[in-house]
Amino acid sequence: NAAWYAWQKGNVGDAGKLSVKSMKVWKKLLGKEHRDTINSMAMVGLAEKLAGRWKEAEELDVQVMETRKRVLGEEHLDTLTSMNNLAFTLKGQGLIIRAISLMENCCRLRTEVLGPQHPFTISSREALATWQLEAMETSKQNV
């Protein structure tokens with residue numbers, strides 16, 4: 001909670017330090033596949049992203065998504081959030097093709113699980129459409 005609060009206040013450094021400390025404690029007390037541990041790992045990934053450490057954020061986002069898939073299932077809301085977050089991390093690194101592919105899967109699953117009119121589904125679909133348009137415009141410029 002303190003890491004989240006620091007992040008909300010714009011203190012990325014403290015958010016990063018507190019989230020790493022929290023993740024280590026949760027891992028030790030509850031194990032690496034417990035929900036609180038995974039949530040704290042996601043917070044560390046966010047802190048890495050905010051600090052501009054995209055590769056480190058990607059590694060954590062992948063770990064969070066894969067763990068949630070294994071523990072909660074591919075269609076669980078937390079897993080879908082992880083998938084969405086990883087797609088944004090990939091996009092942030094300029095890995096547009098990978099980001100689009102992952103977001104397409106996320107949109108498909110969110111539509112199946114939440115329905116086409118759910119705000120999360122709509123948000124993911126809008127991001128996907130924007131990214132696809134950007135990719136098309138970039139490919140036109142490269143021709």
Side-chain angles (χ1 to χ4, degrees), residues 1-139 142:
N1 287 340
W4 181 85
Y5 183 75
W7 168 64
Q8 290 295 312
K9 290 295 197 181
N11 193 335
V12 176
D14 282 350
K17 290 174 192 170
L18 290 167
S19 59
V20 168
K21 188 180 274 190
S22 171
M23 180 182 69
K24 288 179 181 178
V25 170
W26 285 126
K27 234 181 232 186
K28 184 177 180 180
L29 292 175
L30 303 172
K32 59 185 175 182
E33 293 190 346
H34 189 276
R35 184 181 198 136
D36 291 334
T37 305
I38 297 167
N39 289 342
S40 67
M41 192 180 301
M43 185 66 203
V44 174
L46 175 61
E48 295 289 3
K49 214 176 306 187
L50 293 171
R53 292 187 291 270
W54 291 95
K55 195 64 189 161
E56 292 85 347
E58 179 188 350
E59 290 171 12
L60 285 163
D61 285 352
V62 167
Q63 240 183 315
V64 168
M65 185 185 74
E66 293 301 327
T67 303
R68 284 179 170 163
K69 269 187 192 177
R70 188 175 56 259
V71 174
L72 303 172
E74 186 178 51
E75 295 181 351
H76 191 278
L77 297 180
D78 289 350
T79 304
L80 297 176
T81 297
S82 300
M83 192 178 292
N84 185 79
N85 292 347
L86 176 56
F88 272 92
T89 301
L90 295 171
K91 170 74 169 64
Q93 295 178 84
L95 303 170
I96 190 72
I97 302 303
R98 286 179 57 203
I100 287 172
S101 176
L102 186 58
M103 190 59 85
E104 285 172 339
N105 192 31
C106 182
C107 285
R108 180 185 58 76
L109 289 168
R110 278 187 162 173
T111 299
E112 289 173 14
V113 174
L114 300 172
Q117 299 306 316
H118 191 281
F120 292 168
T121 305
I122 293 169
S123 174
S124 292
R125 233 184 9 246
E126 288 173 351
L128 176 62
T130 301
W131 298 352
Q132 289 170 329
L133 185 59
E134 287 175 17
M136 283 187 346
E137 289 173 358
T138 300
S139 70
N142 292 334

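All residue numbers in this chain count up from 1 along the given sequence. Just so it is clear, the values below take in all heavy atoms, side chains as well, and ignore hydrogens, waters and symmetry mates.
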message = Quick test of your reading of the model: are Arg70 and Glu66 salt-bridged, counting only N-O distances below 4.0 Å?
response = no
inquiry  = Just verifying a value: how many Å separate Leu86 CG and Met103 CE, rounded to the nearest 0.5 Å?
reply    = 9.5 Å
ask   = Going by distance alone, is a donor N or O of one side chain under 3.5 Å from an acceptor N or O of the other, for Thr89 and Lys49?
value = yes
remark   = Looking only at heavy atoms, the pair that brings Asp78 and Arg68 closest together is O-NH1, 3.3 Å
inquiry  = Between Thr81 (side chain only) and Leu77 (backbone N and O only), is there a donor and an acceptor less than 3.5 Å apart?
reply    = yes
ask   = To the nearest 0.5 Å, what is the distance between CD (Gln63) and OG (Ser82)?
value = 11.5 Å
query = So how far is it from Trp131 CH2 to Ser101 OG, rounded to the nearest 0.5 Å?
reply = 11.5 Å
query = Where do Ala99 and Leu90 come nearest, in terms of heavy atoms and distance?
reply = CB-CB, 3.9 Å
message = Minimum heavy-atom separation for Ala135 and Ile96, please, with both atom names.
response = CB-CG1, 4.2 Å
message = Please report the interatomic distance CG(Leu46) to CG(Leu60), rounded to the nearest 0.5 Å.
response = 11.0 Å
query = Heavy-atom count around Phe88 CZ within 6.0 Å, excluding the residue itself: above 12?
reply = yes
query = Quick one: CE on Met65 to CG on Leu80, what's the gap to the nearest 0.5 Å?
reply = 10.5 Å
message = Rounded at 0.5 Å granularity, tell me how far CE in Met41 sits from CG in Asp61.
response = 11.0 Å
